[in-house]
Amino acid sequence: MKHRRNKAWLFGAVFLLSLMLMGRDNSAAAAERKGSITVDYHVTMEQGSESHPTGIPFTVYPLGVIQDGAVLLNDAFRPSGVSMADTTASGRNRQAKELYAYALEHGVSGKTEETKDGVVKLEGLDVGVYLVVQTKSYQTDAGKAESDPFLISLPLDMDGTWMYDVRVEPKALWTPIAQPMSPTPNRPTVPETEQPIKLPTESPKTGDDARLLLWLSGAVASGVGLVLLPRRRKA
């Protein structure tokens with residue numbers, strides 16, 4: 001029951017940012033003890049379906065320690081000039097993004113592990129403050145998802161208890177990919193052909209006027225039929 005309560009406290013990256021670095025020195029805990037950060041990563045896609053992907057890398061960067069309630073950046077990140085004074089959730093979120101951008105630009109290395117069924121455990125961590133980053137987005141044909149970088153301290157003070165093994169569930173933002181519409185194929189145009197009406201080579205004999213009119217009527221009807229036939233096939 002206690003495990004569920006602690007897990008609920010840490011649910012979501014934004015909520016987590018409001019909990020970490022609570023003003024107490026984590027140096028008060030045993031400095032020689034190691035800790036771990038377990039990331040429970042799942043993606044909620046469209047229509048409510050969930051994925052717990054394998055092979056998504058998360059990198060943890062040691063940032064420094066907390067002393068007198070303030071974060072002291074280590075030698076790798078101190079030149080970044082990022083101020084850690086803002087302790088609000090939005091402030092910690094901004095700091096995490098700026099520190100990660102600095103790490104990428106200046107080649108600061110961290111420890112990387114990949115998820116298996118949506119879970120990755122970053123172990124052997126010293127007491128201090130850490131930056132955790134999803135370094136590759138989860139992507140399918142329908143869209144992609146990525147969580148924001150976040151900060152966390154080890155150990156973490158939870159109801160007066162120092163937690164050295166912390167489990168977090170960062171929120172993964174799902175972005176659908178617009179699917180291109182299939183083009184309508186162009187139907188080929190069938191050229192219309194008109195058959196010439198053949199006239200008799202010699203004049204009909206007297207008394208055959210009725211036959212001539214019937215013959216011409218039949219020829220005209222035949223010609224119209226030839227003109228309309230391609231149109232019916234086209235339709």
Side-chain angles (χ1 to χ4, degrees), residues 6 9-10 12-41 55-115 119-137 146-158 160-173:
N6 290 338
W9 271 59
L10 296 174
V14 174
F15 192 45
L16 172 65
L17 291 171
S18 67
L19 293 175
M20 36 116 335
L21 309 182
M22 298 177 68
R24 297 180 59 179
D25 294 354
N26 54 18
S27 59
E32 298 299 324
R33 185 170 175 178
K34 301 292 184 180
S36 68
I37 301 172
T38 299
V39 179
D40 190 350
Y41 181 75
I56 302 300
F58 279 84
T59 301
V60 58
Y61 297 89
L63 293 179
V65 296
I66 298 178
Q67 186 174 341
D68 297 328
V71 178
L72 300 181
L73 296 177
N74 56 26
D75 294 340
F77 284 94
R78 192 177 302 115
S80 68
V82 176
S83 172
M84 306 299 291
D86 190 348
T87 60
T88 64
S90 60
R92 294 305 189 201
N93 186 37
R94 175 185 54 79
Q95 294 159 9
K97 292 179 178 179
E98 291 178 355
L99 290 168
Y100 180 47
Y102 177 84
L104 289 178
E105 183 178 355
H106 293 82
V108 180
S109 60
K111 181 179 181 180
T112 303
E113 298 287 349
E114 294 186 351
T115 60
V119 178
V120 59
K121 188 173 185 179
L122 305 161
E123 300 180 281
L125 305 178
D126 294 325
V127 169
V129 182
Y130 290 89
L131 167 67
V132 183
V133 182
Q134 178 186 346
T135 52
K136 180 181 178 182
S137 61
E146 190 169 346
S147 60
D148 285 338
F150 61 91
L151 306 177
I152 189 169
S153 64
L154 288 179
L156 190 65
D157 184 9
M158 298 293 294
T161 301
W162 291 106
M163 294 180 59
Y164 285 84
D165 300 302
V166 180
R167 190 179 189 93
V168 297
E169 296 183 14
K171 182 178 180 180
L173 178 62

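Note that these values count all heavy atoms, side chains included, but never hydrogens, waters or copies made by symmetry. Residue numbers start at 1 and run along the sequence shown.
We find the OG-CD distance between Ser83 and Gln95 to be 6.5 Å, quoted to the nearest 0.5 Å. Distance CD/Glu123 to NZ/Lys34: 12.0 Å, rounded to 0.5 Å.
Sorted by first and then second residue, the salt bridge (charged side-chain N to carboxylate O under 4.0 Å, His left out) pairs with a member in residues 98-113 read Arg94-Glu98; sequence neighbours excluded.
Under the 4.5 Å side-chain criterion, counting only non-hydrogen atoms from C-beta, Ile152 is in contact with Val166. Using a 4.5 Å cut-off on side-chain heavy atoms (C-beta onward), Glu114 and Val120 make no contact. With a 4.5 Å cut-off on side-chain heavy atoms, Leu154 and Tyr130 count as touching. The side-chain heavy atoms of Thr112 and Phe58, taken from C-beta on, include no pair separated by under 4.5 Å. Using a 4.5 Å cut-off on side-chain heavy atoms (C-beta onward), Gln134 and Ser147 make contact. With contacts defined as side-chain heavy-atom distances shorter than 4.5 Å, the pair Pro62/Asp126 does not qualify. Between Glu146 and Leu173 there is no side-chain heavy-atom pair separated by less than 4.5 Å. Inter-residue side-chain proximity for Ile37 and Val132 is flagged as met; some heavy-atom pair is nearer than 4.5 Å.
Contact record, Asn93 with Pro149: OD1-O, 3.9 Å, taken as the closest heavy-atom pair. Between Val127 and Arg33, the shortest heavy-atom distance links the atoms CG2-O, 3.9 Å. The shortest non-hydrogen separation linking Ala76 to Tyr102 is O-CE2, 3.3 Å. Taking both residues in full, the closest heavy atoms of Val82 and Leu73 are given as O-CD1, 3.8 Å, listed atom of the first, atom of the second, then distance.
Judged purely by atom type and a 3.5 angstrom limit, Asn74 uses its side chain to pair as donor or acceptor with the backbone of Phe77. A donor-acceptor contact shorter than 3.5 Å links the side chain of Thr115 to the backbone of Ile56. In this structure, Arg167 contributes its side chain and Thr38 its backbone to no donor-acceptor pair below 3.5 Å. Judged by distance alone, with hydrogens and angles left aside, the side-chain atoms of Ser153 form no donor-acceptor pair with the main-chain N or O of Leu156 at under 3.5 Å.
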Phe150 vs Val133, side-chain contact (heavy atoms from CB on, under 4.5 Å): CA-CA, chis, key distance, verdict: CA-CA 7 Å; Phe150 61 91; Val133 182; over 6 Å; no
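For the salt bridge (Lys or Arg N to Asp or Glu O under 4.0 Å) test, no residue two or more places apart in sequence or in another chain qualifies with Lys136. Asp165 is linked by a side chain to side chain donor-acceptor pair (under 3.5 Å) to Ser36, counting only residues two or more places apart in sequence or in another chain.
Using a 30° and 60° split on the angle between ring planes, Tyr100 and Tyr61 fall in the tilted class, from 30° to 60°.
Salt bridge status for Asp86 with Arg92: absent, with no side-chain N to carboxylate O gap under 4.0 Å.
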